[in-house]
A.B. asks: 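Take a look at the following structure, please.
All figures in this text were calculated on a predicted structure; none of them were measured in a lab. Heavy atoms only: backbone and side chains are in, while hydrogens, waters and symmetry mates are out.
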Amino acid sequence: MWGIIISIVMAIIIGFIGDALVGNNMPGGLLGSMIAGFVGAWIGASLFGSWGPHVGGFAVIPAILGTAIFVFLLGLLSRLFRRAA
């Protein structure tokens, strides 16, 4: 039970940090940050491997980098769709 809670809290923290690094305004508040954190952790582990400190099942540094990439790409897509509409 505590493992799931720690993973969710870490995903939210990683999502906020990734959003702050990129400077975009991540939609969805806590839920958006949590989703970005989980997706970013997956992207980061896929691109950069699993190195650095591990907390709550996340390799923290690759997860933050992956989340920053994910939020940046979401921001690009958002601007693209706003211009097309």
A.B. asks: To check you understand the geometry: which heavy-atom pair defines the closest contact between Ile6 and Gly56, and what is its length?
C.D. replies: CG2-CA, 3.6 Å

A.B. asks: Does the side chain of Ile8 reach to within under 4.5 Å of the side chain of Met34, using non-hydrogen atoms?
C.D. replies: yes

A.B. asks: Heavy atoms, side chains only, cut-off 4.5 Å: are Thr67 and Ile43 in contact?
C.D. replies: no

A.B. asks: Testing the basics here: between Gly37 and Phe58, what is the closest heavy-atom pair and its distance to 0.1 Å?
C.D. replies: O-CE2, 4.3 Å

A.B. asks: For side chain to side chain contact (heavy atoms under 4.5 Å, CB included), just list the numbers for Phe72 and Leu21, CA-CA rounded to whole Å, side-chain angles, deciding distance to a tenth of an Å, and then say yes or no.
C.D. replies: CA-CA 9 Å; Phe72 177 74; Leu21 285 175; over 6 Å; no

A.B. asks: Rounded to the nearest 0.5 Å, what separation is found between the CE atom of Met10 and the CD1 atom of Ile17?
C.D. replies: 7.0 Å

A.B. asks: Sub-3.5 Å donor-acceptor pair from the side chain of Ser50 to the main-chain atoms of Ala45, do we have one?
C.D. replies: no

A.B. asks: Any donor and acceptor pair, going by atom type alone, linking the side chain of Ser78 with main-chain N or O of Leu74 inside 3.5 Å?
C.D. replies: no

A.B. asks: Could you go through Phe70 and Phe38, starting from their C-alpha distance and side-chain angles, then the distance that decides it, and tell me whether this counts as ring pair (Phe, Tyr, Trp, His ring centres under 6.0 Å)?
C.D. replies: CA-CA 10 Å; Phe70 179 66; Phe38 279 121; over 10 Å; no

A.B. asks: Going by the side chain to side chain contact (heavy atoms under 4.5 Å, CB included) test, name the single residue among Asp19, Leu65, Ile64 that passes it with Ile14.
C.D. replies: Ile64

A.B. asks: More than 12 foreign heavy atoms under 6.0 Å from CZ of Phe48: is that the case here?
C.D. replies: yes

A.B. asks: Is atom CD1 of Ile4 surrounded by more than 12 heavy atoms (other residues, nucleotides or ligands) closer than 6.0 Å?
C.D. replies: no

